[in-house]
Structures are given as C-alpha cells and as structure tokens.
Amino acid sequence: MVRIFHVRNMVCNRCIKVLRSELSNKNIELLEIELGKLKINIKEAKDSEIIESVLRSNGFELIDSPEKQLVEQVKIELLKLLRKLPLHMQRNLSKHLQEKLNLEYSKISKIFSLKEKITIEKYFIKLKIEKVKELIQTRAYNFTEIAQLLDYSHINHLSRQFKREMKMSLSDYKKQQKNSRIPLDKII
C-alpha cells in the first residue's frame with residue numbers, strides 16, 4: 001500500500017539524503033522524497049513504526065494535521081526562495097505563496113501565524129538574516145553585495161534589519177568571527 005508521510009524539519013538536500021539512506025538501510029521502499037514529504041510503499045504493518053523511528057532518531061517528526069502541513073509547506077517555499085541567489089522577487093511574497101500553495105494568502109497567513117506565533121513576513125526576515133550570516137562567514141561578498149543578493153533595496157535596509165534581529169551591526173558580527181547561526185529547523 002502506497003502511503004504519503006508529511007514530515008516536519010526537512011530543510012535541505014542533506015535531510016533528503018539522510019532519510020533516503022536510513023530508510024534504504026531499513027529496507028523501506030521509498031518511492032519519492034522531497035522536502036517535507038515521503039511517498040513510501042508500505043509492505044508490512046511494522047514499516048510505519050520503522051519509518052516513525054527513523055524520522056524521530058534524525059530530528060524529524062510526522063505532521064499530523066492539515067494546518068501543520070500548510071505551515072511546513074510555507075517554510076519549504078521560503079527556503080526554496082533563498083536557495084537560489086540572487087533572490088529576485090518578481091512579485092510580493094504573499095502572491096508568490098498564494099500561487100505556490102494554491103490558497104488565498106489570508107488563509108495561509110492566518111494559519112501560519114496561529115500555529116507559529118509569528119507572521120510569515122517576520123519568519124522570512126529571520127531566514128534571510130540566517131542567510132546573511134552564512135554569506136558573511138563565507139567571506140566571498142561584501143555587505144553591499146549581500147544586500148543585492150538578498151534583494152534588499154539598499155544596504156541600509158539590510159543593516160537596520162540585521163541590527164534589529166541580531167542586536168549588533170553587520171560589522172560587529174563579522175569581527176566576532178564566531179558561528180552564531182541558528183539551524184533552519186530551529187528558527188521558530
């Protein structure tokens with residue numbers, strides 16, 4: 001029997017790689033895998049227990065409600081946006097999510113805010129700040145280039161947002177030379 005599992009905390013391609021490997025080692029027939037979702041051929045009743053165990057032991061969890069599935073889909077779409085730099089938003093975030101999730105933005109926003117206690121926009125800012133920290137650590141770009149890569153209208157906009165979130169300037173963060181990045185699955 002083919003079953004789809006919705007999974008929380010799958011935030012990158014390494015998550016996919018880990019689950020693919022772990023499930024294969026347990027002889028679970030994985031038909032499809034993508035961020036937030038597994039499609040598996042369940043052969044025996046114990047397969048579901050094995051899958052849940054593999055997920056738990058790797059920091060993932062099953063999503064048990066349509067609202068939580070929607071929240072996870074929003075997070076995945078936002079992560080996908082930040083994966084391809086430079087970020088160029090042809091339309092605003094609300095229209096992008098509405099199109100990708102095929103739901104009215106007001107519904108998406110309401111459910112996300114209720115479940116996560118933060119707006120989608122504030123969550124996206126937190127993701128962008130983590131990306132800024134990553135780019136600073138690579139030392140491949142200056143602050144102006146980072147602002148351009150992340151579609152900020154001006155370096156000052158990025159600077160203000162960074163200082164508001166991090167309680168320090170971009171320069172101070174760079175001088176610290178320590179990794180204070182937050183794992184993407186722990187942002188909220």
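Everything numeric here is computed off the predicted structure, so don't read it as measured data. Numbers here simply count residues along the sequence, with the first being 1.
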Problem set entry | More than 12 heavy atoms of other groups within 6.0 Å of R91 CZ | yes
Exercise. S48 versus R3: any side-chain heavy-atom pair under 4.5 Å?
Worked result: yes
Problem set entry | Any residue meeting side chain to side chain contact (heavy atoms under 4.5 Å, CB included) with S159, in chain and number order, not counting sequence neighbours | I155, L170
Exercise. Is there a chain of hydrophobic side chains (I, L, V, M, F, W, Y, each step under 4.5 Å between heavy atoms) that links L101 to M10?
Worked result: no
Problem set entry | Steps toward side chain to side chain contact (heavy atoms under 4.5 Å, CB included) verdict (K174, R139) | CA-CA 9 Å; K174 186 175 183 176; R139 300 191 178 274; 3.4 Å; yes
Seminar exercise, completed: Rounded to the nearest 0.5 angstrom, the NZ-CG distance for K37 and L35 is 11.0 Å
Exercise. Can you get from I51 to I63 by hopping between Ile, Leu, Val, Met, Phe, Trp and Tyr side chains that sit under 4.5 Å apart?
Worked result: no
Problem set entry | Non-hydrogen atoms of I33 and R20 that approach each other most closely | CG2-NH2, 2.9 Å
For this session: Heavy atoms only: give me the nearest V7-L55 pair and the separation to one decimal.
Result: CG1-CD2, 3.9 Å
Show me the donor-acceptor pairs, under 3.5 Å and distance only, between side chains in residues 64-88 and residues at least two apart or in other chains.
unit_1	atom_1	unit_2	atom_2	d
S65	OG	K68	N	3.1
E72	OE2	N9	N	3.0
R83	NH2	V11	O	3.4

Problem set entry | Heavy-atom closest pair, residues F162 and S169 | CE2-O, 3.7 Å
For this session: Tell me, please, which residues at least two apart from E44 pass side chain to side chain contact (heavy atoms under 4.5 Å, CB included).
Result: K46, D47
For this session: Determine, stepwise, if the pair Y173 / K167 fulfils side chain to side chain contact (heavy atoms under 4.5 Å, CB included).
Result: CA-CA 10 Å; Y173 180 83; K167 312 292 187 245; over 6 Å; no
Could you give the side-chain donor-acceptor pairs of residues 111-123 under 3.5 Å, partners two or more places apart or in another chain?
unit_1	atom_1	unit_2	atom_2	d
S113	OG	S109	O	3.0
K117	NZ	L114	O	2.8
T119	OG1	K122	N	3.1
E121	OE2	Y105	OH	2.5

Exercise. So, E61 and R56, do they make that salt bridge, N to O below 4.0 Å?
Worked result: no
Problem set entry | V54 vs E22, side chain to side chain contact (heavy atoms under 4.5 Å, CB included): CA-CA, chis, key distance, verdict | CA-CA 7 Å; V54 167; E22 294 264 338; 3.6 Å; yes
Exercise. To the nearest 0.5 Å, what is the distance between OG (S24) and NZ (K26)?
Worked result: 11.5 Å
Seminar exercise, completed: When every non-hydrogen atom of L30 is compared with those of E32, the smallest separation belongs to CD1-O, 3.3 Å
For this session: Search all heavy atoms of E165 against all heavy atoms of I129 and return the closest pair with its distance.
Result: CG-CG1, 3.9 Å
Problem set entry | CG on L62 to NE2 on H6, rounded to 0.5 Å | 10.0 Å
For this session: Please answer whether the main-chain N or O of M168 pairs with a side-chain N or O of D172 as donor and acceptor at a distance below 3.5 Å.
Result: no
For this session: Taking all heavy atoms of S180 and all of K133, pick out the closest pair and write down the distance.
Result: O-NZ, 2.9 Å
For this session: Please round to the nearest 0.5 Å and tell me the distance separating atom CG of L38 and atom CG of L31.
Result: 10.5 Å
Name every donor-acceptor pair, under 3.5 Å, that has one atom in a side chain of residues 141-151 and the other anywhere in the protein, sequence neighbours excluded.
unit_1	atom_1	unit_2	atom_2	d
N142	OD1	T144	N	3.0
N142	OD1	E145	N	2.7
E145	OE1	N142	N	2.9
D151	OD2	M89	N	3.2

Seminar exercise, completed: Here the gap from E29 atom CD to L23 atom CG, rounded to the nearest 0.5 Å, amounts to 11.5 Å
Problem set entry | N25, CG: over 12 other non-hydrogen atoms inside 6.0 angstrom | yes
Exercise. Rounded to the nearest 0.5 Å, what separation is found between the CZ atom of F5 and the NZ atom of K39?
Worked result: 13.0 Å
For this session: Could I get the full list of side chain to side chain contact (heavy atoms under 4.5 Å, CB included) partners for S106, not counting sequence neighbours?
Result: E104
